[in-house]
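Working notes, structure below.
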Amino acid sequence: MPTAVLTDRERTAVQAYLRLLHTVRAALDAGPADPSRVRSAPMVPPAVLAEADEALSEAGLAGNEEEFFRLLASWGPRA
């Protein structure tokens, strides 16, 4: 399977998405110390969301999830 060669803007969008993904995972994994407490929605810093939105827009990928995830799959490490 060929590997995609990303433009700088596409690479920036993929990297911003991965930072967002890691931030969300960390927020979800950080549960309350007391399991009997009700868990509130995880907090993702607005700056992380804004960075991903801006990077997607600058790469021309905003609203084009199919193309973005194709790039992500071709660029990222294989499982």
inquiry  = Please find the pair of heavy atoms, one from A59 and one from R9, that lie closest to each other, and give the distance.
reply    = CB-O, 3.5 Å
remark   = Closest non-hydrogen atoms of L20 and A52, given as atom of the first, atom of the second and distance, are CD2-CB, 4.0 Å
request  = Name all pairs fulfilling the side-chain hydrogen bond (donor to acceptor under 3.5 Å, both in side chains) condition that reach into residues 53-63, sequence neighbours left out, sorted by first residue then second.
outcome  = none
inquiry  = Walk me through whether Q15 and R19 qualify under side chain to side chain contact (heavy atoms under 4.5 Å, CB included).
reply    = CA-CA 6 Å; Q15 290 169 338; R19 278 190 293 279; 3.8 Å; yes
ask   = What distance do L18 atom CG and R25 atom CZ have between them, rounded to the nearest 0.5 Å?
value = 9.0 Å
task = Sort out for me which residue in T7, T12, D8 forms a side-chain contact (heavy atoms from CB on, under 4.5 Å) with E10.
result = T7
Partners passing ring-ring contact (aromatic ring centres under 6.0 Å, His included) against Y17 (at least two apart in sequence or in another chain) = F68, F69
